[in-house]
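Accompanying notes for the structure given below.
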Amino acid sequence: MAIGLSTYAYFWRLSERVPAPMGLDAMLENTAELGGKVFQICDYAPIESLSAEGLEKLRQRAEALDVVLELGTRGLKADHLGRYLQLARALDAKILRSMFNSPDSRPTLDEAQQQLAQILPEFERHEIALCIETYEQVPTASNLAVVKHFNSPWLGICLDPANCVAALETPKEVISSTAPYVLNLHVKDFAFSRRDGWVGFTFAGCPMGEGLLDYDAMVAEVQPDARGINQIIEHWLPWQEDADATCAMEDAWTRHNLEFLLARQAAR
């Protein structure tokens with residue numbers, strides 16, 4: 001089991017809102033520098049334009065840094081997942097995270113099963129796990145229904161209990177229902193804060209240990225160490241007053257959260 005970072009831990013630092021956006025090489029190097037052992041390239045469109053040579057160079061650099069690569073995208077269309085399966089193979093990534101919906105597709109449960117029936121055998125043949133993430137746009141029960149329908153060790157859940165709060169699903173119930181089927185774990189803490197004038201709330205991220213995520217309970221239920229499930233750190237960091245302040249805080253959260261998880265792992 002490895003603990004590491006996602007491109008979502010660099011959400012602002014890789015964005016066009018900062019003067020010098022980080023590239024994949026810089027994020028990978030930073031992951032290794034901070035002690036992360038896995039780096040998930042998630043919802044990062046430029047990965048699709050890398051040449052075969054570029055993909056091989058990235059794979060070799062990750063191997064030299066002793067960092068495992070994972071991949072993430074959105075949608076369940078068979079042709080799209082097939083493309084990302086090829087990218088995963090080129091990067092020697094054994095995990096592909098995806099989600100029900102994409103910008104051009106919102107499948108019904110039956111349609112999702114039909115699409116997966118076309119491509120899942122290829123994932124099984126190459127022994128790459130396809131992990132469907134829990135999030136507010138699709139009931140957790142639907143994610144589970146698809147996974148249970150195929151009953152394949154190469155199709156499971158990417159658990160992110162923070163996402164489901166917006167659908168009024170509690171983290172505790174999402175963790176409990178999905179735990180036996182989890183193959184990948186997204187970790188971020190979160191909290192509610194009152195808006196100005198006490199009119200409503202903001203639901204946003206916070207440093208690990210300061211919010212509502214009961215991390216220790218989640219780990220006890222999912223048992224990532226015993227089951228070989230990687231833990232991937234993400235952030236929900238609101239934009240600060242300017243790019244410098246935002247990047248500095250994102251870096252601080254990244255360091256803190258990775259240290260938090262590694263310390264918890266060492267203590268178990």
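At a cut-off of 3.5 Å, with distance as the only test, no side-chain donor of Asn230 or Gln40 sits close to an acceptor on the other residue. Side-chain atoms of Tyr8 and Asp43 form a donor-acceptor pair, as typed in the model, at a separation below 3.5 Å. A donor-acceptor pair shorter than 3.5 Å cannot be found between the side chains of Ser6 and His186. Side-chain atoms of Gln115 and Glu111 form no donor-acceptor pair, as typed in the model, at a separation below 3.5 Å.
In this structure, the side chain of Thr246 engages the main chain of Gln240 through a donor-acceptor pair within 3.5 Å. With hydrogens and angles disregarded, no donor-acceptor distance shorter than 3.5 Å links the side chain of Asn101 to the backbone of Arg106. In this structure, Trp236 contributes its side chain and Ala162 its backbone to no donor-acceptor pair below 3.5 Å. Ser98 places no side-chain N or O within 3.5 Å of a backbone atom of Leu76 that could act as its donor or acceptor partner. In this structure, the side chain of Glu250 engages the main chain of Phe11 through a donor-acceptor pair within 3.5 Å. In this structure, Asn143 contributes its side chain and Glu133 its backbone to a donor-acceptor pair below 3.5 Å. Arg195 contributes no side-chain N or O that, together with a main-chain N or O of Thr202, makes up a donor-acceptor pair within less than 3.5 Å. No donor-acceptor pair closer than 3.5 Å links the side chain of Gln231 to the backbone N or O of Leu261.
Interatomic distance, Leu96 CG to Leu155 CG, rounded to the nearest 0.5 Å: 11.0 Å. Atoms SG and CD1, from Cys158 and Ile229 in turn, are 10.5 Å apart once rounded to the nearest 0.5 Å. Within the model, atoms OH of Tyr84 and CD of Glu48 stand 3.5 Å from one another, a figure rounded to the nearest 0.5 Å. Separation of atoms CG (Leu69) and OG1 (Thr31) is listed at 9.5 Å; rounding is to 0.5 Å. With values rounded to the nearest 0.5 angstrom, Ile175 atom CD1 is found 13.0 Å from Ile157 atom CD1. Separation of atoms CG (Leu34) and CD1 (Ile233) is listed at 9.5 Å; rounding is to 0.5 Å.
No side-chain heavy atom of Lys172 sits less than 4.5 Å from a side-chain heavy atom of Asp214. A heavy-atom distance below 4.5 Å is found between the side chains of Arg97 and Cys42. Under the 4.5 Å side-chain criterion, counting only non-hydrogen atoms from C-beta, Phe39 is not in contact with Leu65. When side chains are defined from C-beta on, Tyr181 counts as touching Lys148, because their heavy atoms get closer than 4.5 Å. Contact check for Asp79 versus Arg83: no side-chain heavy atoms found under the 4.5 Å cut-off. With contacts defined as side-chain heavy-atom distances shorter than 4.5 Å, the pair Val165/Phe192 qualifies.
With Val187 as the partner, the side-chain contact (heavy atoms from CB on, under 4.5 Å) test is satisfied by one option alone out of Leu213, Asp160, Asn257: Leu213.
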Q.
Could you go through Glu221 and Thr178, starting from their C-alpha distance and side-chain angles, then the distance that decides it, and tell me whether this counts as side-chain contact (heavy atoms from CB on, under 4.5 Å)?
A. CA-CA 10 Å; Glu221 185 114 34; Thr178 62; over 6 Å; no

Q: Carefully, step by step, assess Ser152 and Glu124 under the rule side-chain contact (heavy atoms from CB on, under 4.5 Å).
A: CA-CA 8 Å; Ser152 169; Glu124 295 171 332; 2.7 Å; yes

Q) Should Arg13 and Asp251 be marked as a salt bridge (Lys or Arg N to Asp or Glu O under 4.0 Å) after you check the CA-CA gap, both sets of side-chain angles, and the distance that decides it? A) CA-CA 9 Å; Arg13 285 174 288 174; Asp251 177 63; 3.6 Å; yes

Q: Please test Leu87 against Thr73 for side-chain contact (heavy atoms from CB on, under 4.5 Å), starting from the C-alpha separation and ending with a verdict.
A: CA-CA 11 Å; Leu87 292 173; Thr73 187; over 6 Å; no

**Q.** Verdict with supporting geometry, Leu81 and Leu116, side-chain contact (heavy atoms from CB on, under 4.5 Å)
**A.** CA-CA 9 Å; Leu81 289 179; Leu116 287 171; 4.0 Å; yes

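For the pair Tyr135 and Cys164, the tightest heavy-atom approach, listed with the atom from each and the gap, is N-SG, 3.9 Å. Annotation for Glu173 and Leu168: closest pair OE2-O, 4.0 Å, computed over non-hydrogen atoms. Across every non-hydrogen atom of Ala243 and Pro19, the tightest pair is CB-CD, 4.0 Å. Smallest separation of non-hydrogen atoms from Leu159 and Val222: CD2-CG2, 3.8 Å. Between Lys188 and Met208, the shortest heavy-atom contact is C-SD, 4.0 Å. Here the closest non-hydrogen pair linking Val67 and Ala32 is CG2-CB, 3.9 Å.
Taking a cutoff of 4.0 Å between a charged side-chain nitrogen and a carboxylate oxygen, Glu53 and Lys57 do not qualify as a salt bridge. Ion pairing between Arg61 and Asp25 fails under the 4.0 Å rule for side-chain N and carboxylate O.
Tracing side-chain contacts under 4.5 Å through hydrophobic residues (I, L, V, M, F, W, Y), one reaches Ile47 starting from Leu130; they form part of the same cluster. When the side chains of ILVMFWY residues are joined at heavy-atom separations under 4.5 Å, either directly or via intervening members, Val182 and Leu120 end up in a single hydrophobic cluster. Hydrophobic clustering (ILVMFWY, side-chain heavy atoms < 4.5 Å, transitive): Phe201 and Leu212 are in one cluster. Hydrophobic clustering, with ILVMFWY side chains joined whenever heavy atoms are under 4.5 angstrom apart, keeps Met1 apart from Val68. Clustering ILVMFWY residues whenever any of their side-chain heavy atoms sit less than 4.5 angstrom apart, transitively, puts Val219 in the very cluster that holds Phe190.
Taking a 6.0 Å sphere around CG of Asn151, one finds it holds 12 or fewer heavy atoms contributed by other residues, nucleotides or ligands. Other residues, nucleotides and ligands place no more than 12 heavy atoms under 6.0 Å from the CD atom of Glu63. In Asp196, the CG atom is not crowded: 12 or fewer heavy atoms of neighbouring residues, nucleotides or ligands sit closer than 6.0 Å.
With sequence neighbours left out, the salt bridge (charged side-chain N to carboxylate O under 4.0 Å, His left out) criterion links Arg17 to no other residue.
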